[in-house]
Amino acid sequence: MRRAVAVFSNGSWPLAEAAGTVTLAYHDRHRRRVRMNDDGGADFLLDLPQAAVLRQGDGLALEGGGYIQVRAALEAVADIAAESPEHLARLAWHIGNRHVPVQVLPDGALRILDDHVLVDMVRGLGARVVRLRAPFAPEAGAYAGGHTHDHDHEHHHHEAAHGH
């Protein structure tokens, strides 16, 4: 079985040596050791020395040569736009208080995985929300060190008070 033993960031590995691609949703892109299938159906073992966040365009170096290119899957996401920088900061604070991953988009909007409770909350705070299918690549976080805050906090969305 092929073994992927290292991760090279997008642009730091020779794309011409790609031996395949693997398309993964956000929750499947923080891994250390797991059997996977590439997009052509061939299996391989991701066998890294420590867990890593796999990002769009990264190359998984195969033992013996070649790479498997990581692709971010299209997922149900919600893009959140604000009326002003102050409004955006307020929205970001409320989303962050729920400890959910957030992607900051180039146009200044925020992207979250689509969650009807969070979408209703930010709409109630005056945000414009567009639901779509797109890749999700959230911020790693200040304390990440290669790890994203990937805990399941969905149970908090239904509580009136957060409790942390």
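Heavy-atom basis, side chains included; hydrogens, waters and symmetry copies ignored. Given the structure is predicted, the values throughout are model-derived calculations rather than measurements.
Proximity of a side-chain donor or acceptor of D58 to a complementary backbone N or O of N10 within less than 3.5 Å is detected. Panel note: side chain S84, backbone H87; a donor-acceptor pair is recorded below 3.5 Å.
With a 4.5 Å cut-off on side-chain heavy atoms, W13 and L15 count as touching. The closest side-chain heavy-atom distance from E139 to V104 is below 4.5 Å.
Checked against side chain to side chain donor-acceptor pair (under 3.5 Å), D43 has the following partners two or more places apart in sequence or in another chain: R35. Take L24 and apply the side chain to side chain contact (heavy atoms under 4.5 Å, CB included) test, not counting sequence neighbours, and it matches V22, D28, R29, M36, L54. Qualifying side chain to side chain donor-acceptor pair (under 3.5 Å) partners for E83, counting only residues two or more places apart in sequence or in other chains: R128. When the side chain to side chain contact (heavy atoms under 4.5 Å, CB included) test is applied to L88, the partners found at least two apart in sequence or on another chain are A82, L110.
Hydrophobic clustering (side-chain heavy atoms under 4.5 Å, transitive across Ile, Leu, Val, Met, Phe, Trp, Tyr) keeps V122 apart from L105.
Atom CG of residue L45 and atom CZ of residue R2 lie 11.0 Å apart, to the nearest 0.5 angstrom. Rounded to the nearest 0.5 angstrom, T23 OG1 and Q56 CD are separated by 8.0 Å.
Smallest separation of non-hydrogen atoms from R111 and D79: NE-OD1, 2.6 Å. The nearest pair of heavy atoms linking D38 to G40 is OD1-N, 2.9 Å. Of all the heavy atoms in L48 and R32, the pair that sits closest is O-NH1, 2.7 Å. When all heavy atoms are compared, the tightest approach of A78 to V119 is CB-CG2, 3.7 Å.
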**Message:** Please determine whether side-chain contact (heavy atoms from CB on, under 4.5 Å) holds for the pair I95 and I80, giving the CA-CA distance in whole Å, both sets of side-chain angles, and the decisive distance to 0.1 Å.
**Reply:** CA-CA 10 Å; I95 293 167; I80 301 163; 3.7 Å; yes
**Prompt:** For L113 and V100, what are the C-alpha separation, side-chain angles and deciding distance, and is it a side-chain contact (heavy atoms from CB on, under 4.5 Å)?
**Reply:** CA-CA 9 Å; L113 289 172; V100 296; over 6 Å; no
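For D115 and R98, the salt-bridge test fails: no basic side-chain N is under 4.0 Å from an acidic carboxylate O.
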Using residues 129-138 as the side-chain source, report each donor-acceptor pair under 3.5 Å to any protein atom, sequence neighbours left out, with the distance given to one decimal.
{"from": "R131", "atom 1": "NE", "to": "D114", "atom 2": "OD1", "distance (Å)": "3.0"}
{"from": "R131", "atom 1": "NE", "to": "D114", "atom 2": "OD2", "distance (Å)": "3.0"}
{"from": "R131", "atom 1": "NH2", "to": "D114", "atom 2": "OD1", "distance (Å)": "3.2"}
{"from": "R133", "atom 1": "NH2", "to": "L74", "atom 2": "O", "distance (Å)": "2.9"}

Pair up each side-chain donor or acceptor in residues 60-73 with any protein partner under 3.5 Å, not counting sequence neighbours, and list the distances.
{"from": "E63", "atom 1": "OE1", "to": "R3", "atom 2": "NH1", "distance (Å)": "3.3"}
{"from": "E63", "atom 1": "OE2", "to": "R3", "atom 2": "NH1", "distance (Å)": "2.8"}

